[in-house]
Amino acid sequence: LKNMFMKQMKFFLVALMAVVMGMSVTSCMNGDDNTQVNNRPILGKVKDSFLSLTFTSLDGYTFKSKNAVEGTTNLMTNDFIVASCSYDAAVDIDPTTNTINATIDSVEKISGNSVWGTTKANDEGENPDHASNRGVISVSDLTPFMIDNYNLLIPIQYFAFEKIASHTFSLVYYSDEDELKGKTDLKLFLRHTSIEEDEKEIYRAFSYRVFDISNALQAYKSFNDKYPNNIIIVAETNPSDNDVPKTTTTSSVTYTFKE
């Protein structure tokens with residue numbers, strides 16, 4: 001189990017680096033004469049998952065699976081995923097249609113994470129509705145960014161034991177008029193919960209999470225008649241262990257609504 005978990009962590013870290021660095025799907029081959037690309041992590045948006053998997057990468061390529069892909073039963077059109085893809089750049093890429101026929105070894109859904117609206121009084125009270133039971137190591141070592149007008153990608157580093165699926169991440173925004181009206185930025189509070197055994201979470205883990213923040217943006221716009229200049233991610237960061245710290249750190253993402 002430990003070896004399987006560490007393989008997952010290596011895959012996700014490489015995937016995060018690939019996206020943040022803006023690497024093209026046709027780059028980084030093993031030399032001029034070797035056109036084979038193996039187990040390349042690709043971030044994309046699902047077009048179809050019936051019988052075979054088809055998705056569009058961030059740089060506009062359509063990936064079509066040559067093989068039956070496990071773990072696609074929970075996928076729907078427009079879900080964001082990270083997929084491990086292998087293909088021959090000399091044979092499997094059709095430049096006229098920007099299509100790549102690939103063997104897809106694994107896939108994980110990274111969207112569908114909750115975004116909660118609440119009041120500041122509730123969130124700072126004795127029994128908040130959406131409290132963390134774990135901190136995170138960092139969300140700023142690898143830069144968060146807006147995929148489109150509404151979907152925010154946050155690369156998250158955290159402590160875990162064996163199962164990524166046991167860790168849940170969500171965002172909270174304050175819907176109070178005093179917290180939104182007249183503000184230039186929109187604050188989103190990252191929350192992390194885990195059902196793994198606390199004392200066993202000693203391994204550093206990396207995950208993508210994509211959040212649909214459209215409701216938070218509309219709440220901001222309803223008080224200001226415009227969109228925010230920046231998205232401020234407020235995270236409970238603790239690089240030492242998985243305890244929830246008393247202090248927070250912030251990361252800023254410039255926001256521009258594209259018509």
Measure the shortest side-chain to side-chain distance between Asn34 and Gln36 over non-hydrogen atoms and say whether it is less than 4.5 angstrom.
yes

Walk me through whether Met146 and Ile213 qualify under side-chain contact (heavy atoms from CB on, under 4.5 Å).
CA-CA 10 Å; Met146 296 298 303; Ile213 62 170; 4.0 Å; yes

Parallel, tilted or perpendicular: which one describes the rings of Tyr227 and Tyr255, with boundaries at 30° and 60°?
tilted

Before giving the answer on side-chain contact (heavy atoms from CB on, under 4.5 Å), spell out for Val210 and Leu152 the whole-Å C-alpha distance, their side-chain angles and the decisive distance to 0.1 Å.
CA-CA 5 Å; Val210 174; Leu152 170 65; over 6 Å; no

Parallel, tilted or perpendicular: ring planes of Phe169 versus His192, cut at 30 and 60 degrees
parallel

Ser132 and Thr193 have their tightest heavy-atom pair at CA-CG2, 4.2 Å

For Gly135 against Pro245, the heavy-atom pair lying closest together:
CA-CD, 4.3 Å

Sequence-distant partners of Glu197, side-chain contact (heavy atoms from CB on, under 4.5 Å), two or more places apart:
Glu199, Lys200

Are any of the side-chain heavy atoms of Tyr173 and Tyr220 separated by less than 4.5 Å?
no

Show which residues join Trp116 in its hydrophobic cluster (side-chain heavy-atom contacts under 4.5 Å, direct or indirect), or state none.
Val172, Tyr174, Phe189, Ile232, Val234

Side chain Glu177, main chain Phe223, donor-acceptor under 3.5 Å:
no

To the nearest 0.5 Å, how far apart are NE2 in His130 and CG in Leu171?
11.5 Å

By the rule that ILVMFWY residues connect when side-chain heavy atoms come within less than 4.5 angstrom, directly or transitively, which residues belong alongside Ile137?
Phe159

In Å, rounded to the nearest 0.5 Å, how long is the span from CD1 of Ile164 to CD of Glu108?
5.5 Å

Please check if the side chain of Asp88 supplies one atom and the backbone of Ala90 the other of a donor-acceptor pair under 3.5 Å.
yes

Check whether any side-chain heavy atom of Ile42 lies under 4.5 Å from a side-chain heavy atom of Ile100, and answer yes or no.
no

Heavy atoms only: give me the nearest Tyr208-Ile110 pair and the separation to one decimal.
CB-CD1, 3.6 Å

Enumerate the side chain to side chain donor-acceptor pair (under 3.5 Å) contacts for residues 240-254, please, sequence neighbours excluded, ordered by first and then second residue.
Asp198-Asn242, Glu201-Asn242, Thr237-Thr249, Asn238-Asp241

Do we see a donor-acceptor contact under 3.5 Å between the side chains of Asp94 and Thr96?
yes

Partner set under side-chain contact (heavy atoms from CB on, under 4.5 Å) for Asp105, not counting sequence neighbours:
Asn39, Ser84, Ser86, Thr103

Starting at CZ of Phe50, measure out to CG of Leu75 and round the result to the nearest 0.5 Å.
14.0 Å

With a 4.0 Å cut-off, would you call Asp92 and Lys66 a salt bridge?
yes

Would a hydrophobic clustering, with Ile, Leu, Val, Met, Phe, Trp and Tyr connected at side-chain separations under 4.5 Å, put Met76 with Leu53?
no

Between Ile231 and Val115, is there shared hydrophobic-cluster membership here, with clusters defined by ILVMFWY side-chain heavy atoms closer than 4.5 Å?
yes

Output all residues satisfying side-chain contact (heavy atoms from CB on, under 4.5 Å) with Thr62, sequence neighbours left out; order by chain, then residue number.
Lys47, Thr54, Thr56, Lys64, Thr99

Starting from Val139, can I reach Val244 by hopping between I/L/V/M/F/W/Y residues whose side chains sit under 4.5 Å apart?
no

Give the C-alpha distance, both sets of side-chain angles, the deciding distance and a yes or no for side-chain contact (heavy atoms from CB on, under 4.5 Å) between Glu236 and Arg191.
CA-CA 8 Å; Glu236 298 159 320; Arg191 300 293 156 81; 4.0 Å; yes

Asn67 side-chain N/O to Ile104 backbone N/O, donor-acceptor pair under 3.5 Å:
yes

Which atom names give the shortest non-hydrogen contact between Phe55 and Gly44, and what distance separates them?
CD1-CA, 3.7 Å

To the nearest 0.5 Å, how far apart are CD1 in Ile154 and CG in Leu190?
5.5 Å

Quick check for you: to the nearest 0.5 Å, what is the distance between Thr77 atom OG1 and Asp48 atom CG?
6.0 Å

Any side-chain heavy-atom pair from Leu186 and Leu217 closer than 4.5 angstrom?
yes

I'd like to check Lys45 versus Phe80 (side-chain heavy atoms, cut-off strictly below 4.5 Å). Are they in contact?
yes

Between Asp79 and Lys109, does at least one N-O distance fall below 4.0 Å, as a salt bridge requires?
yes

Quick check for you: to the nearest 0.5 Å, what is the distance between Asn101 atom CG and Cys85 atom SG?
11.5 Å

For the side chain of Glu196 and the backbone of Ala160, is there at least one donor-acceptor N/O pair under 3.5 Å apart?
no

Considering all heavy atoms of both residues, which atom of Tyr203 and which atom of Phe161 are nearest to each other, and what is their separation?
CD1-O, 3.7 Å

Considering all heavy atoms, the nearest Asn149-Thr256 contact
OD1-O, 3.9 Å

Return yes if some donor-acceptor pair links the side-chain N/O of Asn122 with the main-chain N/O of Asp129 below 3.5 Å, else return no.
yes

Short question: side chain of Asp148, backbone of Asn151 - any donor-acceptor pair under 3.5 Å?
yes

